[in-house]
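Only one structure is covered here, and it is reproduced in the block below.
Because the structure is predicted, anything quoted here is derived from the model rather than measured. Atoms considered below: every heavy atom in the structure, side chains included; atoms not considered: hydrogens, waters and symmetry mates.
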Amino acid sequence: MGVTVLAVTLAIVAGVAIALQSTLNSILTKYAGVWTANSLVHGSGLIVAVIITLLLGKNQFGTVSAAPWYSLLGGTLGVCIVAAVIFAIGQLKVGFTITILVVSQIIAATLIDHFGFLGCPVVLLDWKRILGIGLLVAGALLIKK
């Protein structure tokens, strides 16, 4: 299996996992509340990630100090994302919530590419990308119905 096929396959699996995770988190929230559910989700994720890190022998915790301080904000964003998704699913349901997430991710990623934010390579916005975003937005509006 080529690297590109593997990457696409993993991205598809991750997309399905995000929809499933969001649904599971929403169910847990009905019993435990937003912040308790959020704590449990991230706590169990931490445990699994540490175990996998240790099993693979890839412990690089000592080199983290060389990373830019803002690169550590991913976990903080994760807590905010999970809370927002839990709330949104309760109001908008799973399909439309995930649609909004995907469209907003594409728009944000396109802007990150265009301006080269955070050291990313510049990929300029062109009419094809603008058309693609427009079609995504149109699709999102159709899914809402």
Side-chain angles (χ1 to χ4, degrees), residues 1-29 34-35 37-145:
M1 180 181 296
V3 174
T4 302
V5 173
L6 178 60
V8 169
T9 302
L10 289 175
I12 291 169
V13 169
V16 171
I18 289 168
L20 183 59
Q21 177 202 36
S22 299
T23 305
L24 293 171
N25 293 349
S26 182
I27 293 167
L28 181 58
T29 297
V34 171
W35 294 108
N38 208 340
S39 298
L40 292 169
V41 166
H42 284 89
S44 63
L46 172 66
I47 292 167
V48 170
V50 168
I51 289 170
I52 292 171
T53 298
L54 296 175
L55 287 175
L56 294 177
K58 301 287 185 182
N59 179 348
Q60 295 173 313
F61 292 113
T63 61
V64 171
S65 62
W69 67 269
Y70 53 83
S71 66
L72 296 173
L73 295 176
T76 303
L77 288 173
V79 169
C80 297
I81 291 164
V82 168
V85 170
I86 288 169
F87 176 79
I89 285 178
Q91 304 300 309
L92 306 174
K93 305 305 175 220
V94 178
F96 190 49
T97 299
I98 297 298
T99 301
I100 293 169
L101 292 171
V102 169
V103 171
S104 61
Q105 285 177 55
I106 298 296
I107 292 169
T110 302
L111 292 172
I112 290 168
D113 283 347
H114 180 75
F115 293 107
F117 288 144
L118 301 171
C120 292
V122 172
V123 180
L124 295 176
L125 189 59
D126 60 10
W127 70 269
K128 292 178 192 174
R129 289 175 148 234
I130 293 170
L131 177 61
I133 289 170
L135 291 171
L136 283 169
V137 170
L141 293 174
L142 291 172
I143 288 173
K144 181 185 184 297
K145 293 278 177 182

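Note that CG of Leu111 is 11.5 Å distant from CD1 of Ile106, once rounded to the nearest 0.5 Å. To the nearest 0.5 Å, atom CD1 of residue Ile81 and atom CG of residue Leu101 are 8.5 Å apart. Rounded to the nearest 0.5 angstrom, Ile130 CD1 and Leu125 CG are separated by 4.0 Å. Here CZ of Phe115 is found 9.5 Å from CG of Leu124. Values are rounded to the nearest 0.5 Å. To the nearest 0.5 Å, the span separating OG1 on Thr76 from NE2 on His42 amounts to 9.5 Å. Between the CD1 atom of Ile51 and the CG atom of Leu46 there is a distance of 9.5 Å, given to the nearest 0.5 Å.
Put simply, the side chain of Thr97 does not reach to within 4.5 Å of the side chain of Phe87, judged on heavy atoms. The side-chain heavy atoms of Ile112 and Leu118, taken from C-beta on, include no pair separated by under 4.5 Å. Taking the side chain as every heavy atom from C-beta outward, Arg129 and Asp126 approach each other to under 4.5 Å. Two residues are said to be in side-chain contact when any heavy atoms from C-beta on lie closer than 4.5 Å; Thr110 and Ile133 meet this criterion. For the pair Gln21 and Val41, the minimum side-chain heavy-atom distance is below 4.5 Å.
Nearest approach of Leu92 to Phe96, heavy atoms of both residues: O-CB, 3.8 Å. For the pair Gly62 and Ser65, the tightest heavy-atom approach, listed with the atom from each and the gap, is O-OG, 3.9 Å. Between Val34 and Ala83, the shortest heavy-atom contact is CG1-CB, 4.0 Å. Of all heavy-atom pairs between Ile89 and Thr23, the closest is CD1-N, 4.2 Å.
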**OP:** Start with the C-alpha gap between Val64 and Leu72, add the side-chain angles, then the distance that decides, and say whether side chain to side chain contact (heavy atoms under 4.5 Å, CB included) holds.
**Re:** CA-CA 9 Å; Val64 171; Leu72 296 173; 3.8 Å; yes
Would Ile98 and Ile18 satisfy side chain to side chain contact (heavy atoms under 4.5 Å, CB included), going step by step from the backbone distance to the final call?
CA-CA 8 Å; Ile98 297 298; Ile18 289 168; 4.2 Å; yes
Could you walk me through whether Leu24 and Leu28 pass the side chain to side chain contact (heavy atoms under 4.5 Å, CB included) check? CA-CA 6 Å; Leu24 293 171; Leu28 181 58; over 6 Å; no
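Proximity of a side-chain donor or acceptor of Ser26 to a complementary backbone N or O of Ser22 within less than 3.5 Å is not detected.
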